[in-house]
Amino acid sequence: MENKMRLVQPAIPAHTDTTLHGLRVLRRTEVEQLVGLKRSQLYLLMAQGSFPKPVRLSERAVGWRAQDVAKWLSSREAA
């Protein structure tokens with residue numbers, strides 16, 4: 001019997017799979033990878049009101065709703 005291994009590489013690491021009310025929440029490093037911007041640029045855009053603000057996950061952790069980031073990305077493609 002042949003042992004076939006199926007390699008599946010998730011787009012986003014499973015260990016960071018945080019959800020909020022059933023919605024996917026992305027951590028900063030994931031957001032940076034998805035949009036191609038670094039932390040300073042993300043926070044500059046947030047201050048200008050041009051990028052979605054994060055949601056607080058705990059006292060020291062924040063994350064971005066995946067749907068908000070996807071919506072921002074699609075608006076950039078349309079521009």
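All values derive from a computational prediction rather than experimental measurement.
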Apply salt bridge (Lys or Arg N to Asp or Glu O under 4.0 Å) to R39 and list each qualifying residue two or more places apart in sequence or on a separate chain. none
If two hydrophobic side chains count as joined below 4.5 Å and joins carry through other members, does L73 share a cluster with L44? no
How long is the straight-line distance from CH2 of W64 back to NZ of K53, given to the nearest 0.5 Å? 11.5 Å
How long is the straight-line distance from CG of L42 back to CH2 of W72, given to the nearest 0.5 Å? 7.5 Å
Contacts of E32 meeting side-chain hydrogen bond (donor to acceptor under 3.5 Å, both in side chains) (sequence neighbours excluded), chain-then-number -> R28
Side-chain donor or acceptor of R65 paired with backbone N/O of R24 under 3.5 Å: no
Listed partners of E59 passing side-chain contact (heavy atoms from CB on, under 4.5 Å), at least two apart: none
List the steps, then state whether side-chain contact (heavy atoms from CB on, under 4.5 Å) holds for F51 with V31. CA-CA 11 Å; F51 192 79; V31 173; 3.7 Å; yes
How close do V25 and E30 get, heavy atom to heavy atom, and via which atoms? O-OE1, 4.3 Å
Shortest non-hydrogen contact between V62 and R27, atoms and distance: O-NE, 3.0 Å
How long is the gap from OG on S50 to CD on Q41, to the nearest 0.5 Å? 9.5 Å
One should read off an interatomic distance between R76 CZ and K71 NZ, to the nearest 0.5 angstrom, of 15.0 Å
Ignoring hydrogens, what is the shortest heavy-atom contact between D68 and P52? Give both atom names and the distance. O-CG, 3.7 Å
